[in-house]
Number of protein chains: 2
Amino acid sequence: MSKALNGRGQLRDETRARVQAVAHELGFVPSAVAASLLTGRTYTVGLIMTDHHGRFSLPVLHGAEDALGWGETLALVCDTRDDPIREQHYVRSLIRRRVDGIIVAGRRTDPRPPLGGRPPVPVVYAFARSSDAADCSVVVNEEAGAREAVEHLIRTGRRRIAHVTGPRGHASVRTRVDGTRHALHEAGLELVGEPWYGGWSEVWGRFAAAALTRSHPDVDAVFCGSDAIARGVADGLRECGRRVPDDVALVGVDNWQPTAEGCRPPLTSVDLNLQEVGRTAGALLLRAIEYGAAPGIHTVPCRLVVRASSAPASG
Amino acid sequence: MSKALNGRGQLRDETRARVQAVAHELGFVPSAVAASLLTGRTYTVGLIMTDHHGRFSLPVLHGAEDALGWGETLALVCDTRDDPIREQHYVRSLIRRRVDGIIVAGRRTDPRPPLGGRPPVPVVYAFARSSDAADCSVVVNEEAGAREAVEHLIRTGRRRIAHVTGPRGHASVRTRVDGTRHALHEAGLELVGEPWYGGWSEVWGRFAAAALTRSHPDVDAVFCGSDAIARGVADGLRECGRRVPDDVALVGVDNWQPTAEGCRPPLTSVDLNLQEVGRTAGALLLRAIEYGAAPGIHTVPCRLVVRASSAPASG
DNA sequence: GTGAAAGCGCTAACAA
DNA sequence: TTGTTAGCGCTTTCAC
C-alpha cells in the first residue's frame, strides 16, 4: 500500500491507481508521524524568532518557506521574546519533537551567542550571526548597502553628505558609518560633520534635522540609518524650510513599506533583502540536513530602492 | 523507563532519580514522535496566516503561543499569501502531520470561506470569522471599539465629529461607521457630513483632511478608520493651519506602535486586542481538542489607548 | 516495585 | 508483481 501511494516499488499501474482510488474514497491520509518514526526525518524545522514585532523575522520566515518547498518541510515557529530562558525551553521542545534542523532569526545584526543545549541537529543563524565562527550564519552585507546608498547620492550630484543614525552600540550602526565613510573617501569626499548618533525613531530624526540645518546649513544630502529616522529627517527639514529632494536628498535603510511610502516624498531606501536571507538560510539548512553542516558566514547583498526622496536636484 | 522520566507509574523515588540521572548523562531526549504515534496527539497545531506582512497574524500567533503553554504545544506556521491553492496545500500537509488542530488567522474582518479539505481536527478562525456559522471563530468587537472612540471624543468636549475611513467594501469599514453613528446618536449628535470613504493610506488621510477643512471648517474631531489614515489627517490638518488636538482631536484604529507613536502628536487609537484574540483562539482550540468542538462566534473587546491627539481642547 | 511484551502506522526488505 | 513481516521508540498493561 505504501508502495502504491508513494509511487515506490514494483507495481502494475492499474493496481496503483486502484489503491489510490480507494484510499482517496476513504479519505485516507498517511501519517507523517509514523513515517518519521521509521525514517528519522520529520520534514519539520524549528524557526526561532527573537523580535516579537516580526519586522525582521517575518520576511526571513517567508524566505525560509520558499526554500523549504511550500509545505514539503514546515516550520515550527517559536517567539522567544528575546528571553534566553524561553529560548532554551523552546529548543528542548524542538529537539523532543525531532525537528530536522533549526533556523534562528535575529533582531539585530550584532553577533549573538549560539543556541544552548547543544542541539543534535544543524542550526543556521539568519540576520544576526552566531558569535561562534564554527556555526553557519547568513547575514546582510550592510557595509555594501551603505556604500551603495552614498554612491547613489554622489552619482546624482550630491557633495555635502551627512549621516544621521541610531545608537552607537549597534553593530549595524558602526557598519553603516564605515560604509558611508568608505564610499565618500573613494569619491574624494568627506562626511559633513560627525555621524549623528541617536535612536531609531522619527523623533530623533526630526531633532537631528533641526540641529543639522543649524550647524551645517549647506548639507545637500543625508543618509539615514533607518527609514524611521529618514522620515523624521524629512519632516524636520521641511519645517526648517528645506525642500526634499530639491535642497536635500534623503536615503534610509530598511525599505519598510509603511514608512518609506508614507514619507513625503516617498523614501529611497536600502532594502536588507531579508526574504533572500531567509531563503538562503532555508537552503543551507536543507543542505546541512542532507549532507552535513557547512559552517561559515554567508553574505546576502542589499538592494537600493530608489524613490522620490533622492531625485537629482532640479536646479 | 518511561515511567521514571514522566513521573508516572509505581516506582521508588531512588530508582526514578537514578534513571533520570543516567538519561541526563547520556543526553537522552525522549522522542515526541514515537509518543505521538501511540497516543495520537502531536501537541502541534497549524497556524495559517493569510496576511504576508503579519500585522494581524503575528499578534494572533503571540497570543496563541501564550495559550498553547510556551512550547507545550507548538505551532506549525503556514503563510498562504492569501492564495487558496496554497492554503489547500498547506492544510493537507498539516493533516498528514497529524496536527491536533488548526488556527486560521485572517487579514480582514470580512467572513472568509471555511478551510477546504474537511480537516478531521478542530479549526478555530481568528480575526476573520468563518462564513459558516457552524465553525468556531474569534473576532474583535469593532462596533464597540468605534463607539468607545467616539464616546471618548464626546466626553472630552467634542461635538462636531467627522469620520474618515477606508474602502467602502470592507466589513470593518461598515462596522466602524455603524458604531460611530450609534455613539453619536446616543449622545443626541450627528456625524458631520457623510463618512469619507477612501483607502487605508496616509495619502488618503492627508487628502481627506484638506477636503474636510474646506467643506466643514467647524469640525472639532475626526475619528479615523486606521492609524495610517489618522496620521495623514494629522499632517493634512496641520498644513491647513488647524492644530491637533487644540482645534481638532484625532482618534485612529489599530494602535500600531510605529504609526501611532511616530504621529504628531502621538495618536489616540483603538487597539484591536489581537493578542487576546490569539489567546482566546488558542484556548478554544485546546478545549475543542480535548472535549470536542464548540461552534460559535466569540467576541473580544477593543481597548482605547489614549495619547495626546485627543487631549481636551485647552481653550 | 520492577521487568517484559504488545502495538501505535508506517516502510523496506523479503518471500511467495 | 504482490503479500507478509520486522521494527522505528515510545507507553501501557500485565506478570512477576
Side-chain angles (χ1 to χ4, degrees), chain A residues 1-46 69 71-74 76 91-101 117-121 289-290, chain B residues 1-46 69 71-74 76 91-101 117-121 289-290:
Chain A
M1 217 191 48
S2 126
K3 306 183 223 186
L5 295 175
N6 297 307
R8 259 187 286 274
Q10 311 289 304
L11 218 47
R12 227 185 329 163
D13 281 2
E14 188 232 309
T15 319
R16 193 181 304 262
R18 203 152 44 84
V19 173
Q20 284 177 346
V22 174
H24 184 80
E25 201 164 321
L26 264 49
F28 173 84
V29 181
S31 160
V33 176
S36 297
L37 184 57
L38 188 59
T39 63
R41 273 197 67 172
T42 54
Y43 294 92
T44 295
V45 301
E72 283 289 314
T73 296
L74 284 182
L76 284 164
V91 171
R92 262 201 299 272
S93 193
L94 291 172
I95 300 307
R96 263 210 317 278
R97 283 175 167 75
R98 295 296 188 264
V99 290
D100 298 329
R118 321 193 153 283
V121 292
I289 291 168
E290 308 252 22
Chain B
M1 217 192 44
S2 126
K3 307 182 218 186
L5 294 175
N6 297 307
R8 258 187 286 274
Q10 312 289 303
L11 220 47
R12 227 184 331 165
D13 280 2
E14 190 231 308
T15 319
R16 192 180 304 262
R18 202 153 43 85
V19 173
Q20 284 176 345
V22 175
H24 184 81
E25 201 163 320
L26 264 49
F28 173 84
V29 181
S31 159
V33 176
S36 297
L37 185 58
L38 191 58
T39 63
R41 273 197 68 173
T42 54
Y43 292 93
T44 295
V45 301
E72 284 287 317
T73 295
L74 285 182
L76 285 164
V91 170
R92 262 200 299 272
S93 192
L94 292 172
I95 300 308
R96 262 211 318 276
R97 283 174 166 76
R98 295 295 188 263
V99 292
D100 297 331
R118 323 195 151 280
V121 292
I289 292 166
E290 309 252 20

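Since this is a predicted model, take the numbers as computed values, not measurements. Order of the sequence lines fixes the chain letters, A, B, ..., with proteins taken first and strands second; residue numbering starts at 1 for each chain. Side-chain atoms are counted along with the backbone in the values below, which use heavy atoms only and exclude waters and symmetry mates.
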Rounded to the Å, how far apart are [X] [atom1] and [N] [atom2]?
X	N	atom1	atom2	answer
A:Leu37	C:dG9	CG	P	12 Å
B:Arg97	C:dC10	CZ	C1'	15 Å
B:Arg98	C:dG9	CZ	P	9 Å
A:Leu38	C:dT11	CG	P	8 Å
A:Leu26	C:dG9	CG	P	14 Å
A:Tyr43	C:dT11	OH	P	11 Å
A:Arg41	C:dA12	CZ	P	13 Å

Out of C:dC10, D:dG9, D:dT11, which nucleotide sits closest to the side chain of A:Ser31?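 Nucleotide nearest to A:Ser31's side chain: C:dC10.
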
Bend angle of the helix from C:dG1-D:dC16 to C:dA16-D:dT1, end axes from five pairs each (to 10°): 50°

Validation row: [X], [Y] side chains within 4.5 angstrom (heavy atoms):
X	Y	result
A:Val121	A:Val45	no
A:Arg98	A:Leu37	no
B:Thr44	A:Arg97	yes

Show the nearest heavy-atom pair for residues B:Thr42 and B:Asp100, with the distance to one decimal.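 Taking B:Thr42 first and B:Asp100 second, the nearest heavy atoms are N-OD1, 3.0 Å.
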
Shortest non-hydrogen separation from B:Ile95 to B:Pro120 and the atoms involved: CD1-CD, 3.5 Å

How about A:Glu290: does its CD atom have over 12 heavy atoms from other parts shown lying under 6.0 Å from it? yes

